[in-house]
Amino acid sequence: MAAPSDEEGAVGPRCHHRPTAMLDVPFPPFCAFLGALGLLCVAMVGTWCQHWRGGFSLDGSSQTFNWHPVLMVTGLVVLYGAAALVYRIPNTWSGPKLPWKVLHGGLALGAFILAVLGLAAVFRFHNAQGTPNMYSLHSWMGLATVLLFSCQWAAGFGAFLLPWAPTWLRALYKPIHVFFGSTILVLSVASCASGINEKLFFSLKNGTMQYKLLPAEAVFANTLGLLILLFGVLVVAALARPSWKRPDSDSPDSRQ
């Protein structure tokens with residue numbers, strides 16, 4: 001009788017199936033769920049500002065401030081998350097890479113523009129009301145995120161979209177670009193969560209609507225914060241999943 005082969009143990013054939021195989025989710029349904037979650041976050045922050053905070057305006061009042069959370073969640077979280085996941089779409093894994101680079105850069109640029117407009121809204125509100133700027137941890141974190149985002153976009157544009165960037169430079173900068181891409185998303189989620197909490201502390205002060213009494217607005221806004229956190233965690237998890245990464249090619253950039 002032959003001895004057990006390397007592929008068999010003492011109790012029979014070794015199982016080749018990964019224990020997590022049944023937990024694998026294809027990217028398209030995951031992406032559809034993530035898109036729905038992102039739209040829900042945008043809808044909820046808009047509903048919060050419209051229903052509980054008085055709507056929107058451009059006159060420097062508190063309604064001007066309401067543009068800030070809507071633009072930041074839409075740009076820095078949802079649109080930025082979509083830009084980060086462009087290269088996880090299986091259709092990007094074959095054929096020319098340049099159109100997907102343009103889409104990735106265009107979505108990121110759109111997110112950056114919305115973030116800048118969101119900053120302009122809060123600065124306009126503070127200046128009109130005589131409120132100091134940049135005194136809270138939330139403001140420092142948010143501004144640092146936008147500044148880092150601007151550096152990330154400019155460096156990515158120069159390294160990956162300009163035709164004269166050498167291949168060695170792209171190879172050197174790529175892991176740095178990927179790392180800071182995830183870092184910016186984490187900072188964006190943290191900034192939004194801290195901003196929601198700060199706004200609730202400032203707004204819910206009277207005897208019947210104190211934050212500690214957990215009125216309906218606080219429940220709604222806290223739920224929004226949790227959904228934003230879930231969105232960020234799922235995007236980072238998708239970026240880290242090896243089976244969803246675009247297969248490396250020897251010279252995809254050098255041919256463009």
Side-chain angles (χ1 to χ4, degrees), residues 37-83 106-150 153 184-185 187-229 231-232:
L37 180 59
L39 292 176
L40 178 61
C41 290
V42 173
M44 286 185 68
V45 70
T47 301
W48 177 32
C49 293
Q50 180 66 45
H51 180 71
W52 278 286
R53 297 290 102 216
F56 304 91
S57 74
L58 299 174
D59 58 2
S61 65
S62 59
Q63 285 73 35
T64 300
F65 172 87
N66 289 341
W67 287 107
H68 175 69
V70 172
L71 292 172
M72 288 307 192
V73 171
T74 304
L76 277 184
V77 177
V78 178
L79 199 57
Y80 184 83
L107 289 172
L109 180 60
F112 177 72
I113 292 173
L114 292 181
V116 171
L117 293 175
L119 288 179
V122 72
F123 279 117
R124 176 174 173 78
F125 166 70
H126 282 174
N127 294 336
Q129 302 298 318
T131 304
N133 292 304
M134 304 304 301
Y135 64 88
S136 68
L137 175 61
H138 164 69
S139 62
W140 293 1
M141 188 185 307
L143 184 60
T145 302
V146 175
L147 291 176
L148 184 59
F149 189 1
S150 65
W153 193 92
I184 290 169
L185 179 63
L187 289 174
S188 299
V189 170
S191 299
C192 288
S194 64
I196 291 171
N197 195 246
E198 183 178 284
K199 181 62 176 177
L200 291 174
F201 272 117
F202 285 156
S203 301
L204 302 181
K205 294 180 178 180
N206 66 62
T208 59
M209 293 292 291
Q210 293 184 60
Y211 191 9
K212 65 182 181 180
L213 299 179
L214 205 63
E217 180 182 354
V219 174
F220 187 89
N222 286 345
T223 302
L224 168 63
L226 289 177
L227 292 178
I228 291 173
L229 177 61
F231 182 90

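Since the structure is predicted, the reported quantities are computational estimates derived from the model, not experimental observations.
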> Show, in sequence, the C-alpha distance, side-chain angles and deciding distance for Phe201 and Asn197, and conclude whether the side-chain contact (heavy atoms from CB on, under 4.5 Å) test is met.
CA-CA 6 Å; Phe201 272 117; Asn197 195 246; 3.0 Å; yes
> For a side-chain contact (heavy atoms from CB on, under 4.5 Å) with Phe231, tell me which candidate from Val189, Val77, Leu226, Leu40 qualifies.
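Of the listed residues Val189, Val77, Leu226, Leu40, the side-chain contact (heavy atoms from CB on, under 4.5 Å) partner of Phe231 is Val77.
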> Just list the side-chain donor-acceptor pairs under 3.5 Å for residues 41-52, sequence neighbours left out, or say none.
unit_1, atom_1, unit_2, atom_2, d
Thr47, OG1, Ala43, O, 2.7
Trp48, NE1, Glu217, OE2, 2.9

> Using every non-hydrogen atom in the two residues, find where Gly38 and Val78 come nearest and quote the distance to one decimal.
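It is O-CG2, 3.6 Å.
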> Between Lys199 and Phe65, is there a side-chain heavy-atom distance shorter than 4.5 Å?
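With C-beta onward as the side chain, the pair touches.
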> First locate atom CG of Leu204, then atom CG of Leu213, and finally report the distance between them rounded to the nearest 0.5 Å.
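Reported to 0.5 Å precision, the distance equals 9.5 Å.
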> So how far is it from Lys212 NZ to Leu214 CG, rounded to the nearest 0.5 Å?
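Rounded to the nearest 0.5 Å, the NZ-CG separation comes out at 13.0 Å.
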> With a 3.5 Å cut-off and sequence neighbours excluded, list the donor-acceptor pairs that the side chains of residues 111-126 form with protein atoms.
unit_1, atom_1, unit_2, atom_2, d
Arg124, NE, Leu58, O, 3.1
Arg124, NH2, Leu58, O, 2.9
His126, ND1, Asn133, OD1, 2.9

> If you measure from CG on Leu224 to CD1 on Ile196, what distance do you get to the nearest 0.5 Å?
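Atom-to-atom, Leu224:CG and Ile196:CD1 are 4.0 Å apart.
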> Tell me if a side-chain donor or acceptor on Asn66 pairs with a main-chain N or O of Phe56 at a distance below 3.5 Å.
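Looks like no, no N/O pair under 3.5 Å.
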> To the nearest 0.5 Å, how far apart are OG in Ser136 and CE in Met141?
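That separation rounds to 9.0 Å.
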> Is a donor on one side and an acceptor on the other found under 3.5 Å between the side chain of Thr74 and the backbone of Leu71?
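Such a contact is absent between Thr74 side chain and Leu71 backbone.
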> For Trp153 and Ala108, which heavy atoms make the closest approach, and how far apart are they?
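Closest pair (atom of Trp153, atom of Ala108, distance): CD1-CB, 3.6 Å.
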> Measure across Gln63 and Gly54 and return the closest heavy-atom pair with its distance rounded to 0.1 Å.
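The answer is CG-O, 3.4 Å.
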> Quick check for you: to the nearest 0.5 Å, what is the distance between Leu37 atom CG and Ile228 atom CD1?
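Going from CG on Leu37 over to CD1 on Ile228, the span is 9.5 Å.
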> Please walk me through it: do Val146 and Leu76 pass side-chain contact (heavy atoms from CB on, under 4.5 Å)?
CA-CA 8 Å; Val146 175; Leu76 277 184; 4.1 Å; yes
> Counting N and O atoms only, with roles assigned by atom type, does the side chain of Ser194 sit under 3.5 Å from a partner on the main chain of Ser191, one being a donor and the other an acceptor?
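Present.
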> Quick check for you: to the nearest 0.5 Å, what is the distance between Cys192 atom SG and His68 atom NE2?
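Interatomic distance, Cys192 SG to His68 NE2, rounded to 0.5 Å: 8.0 Å.
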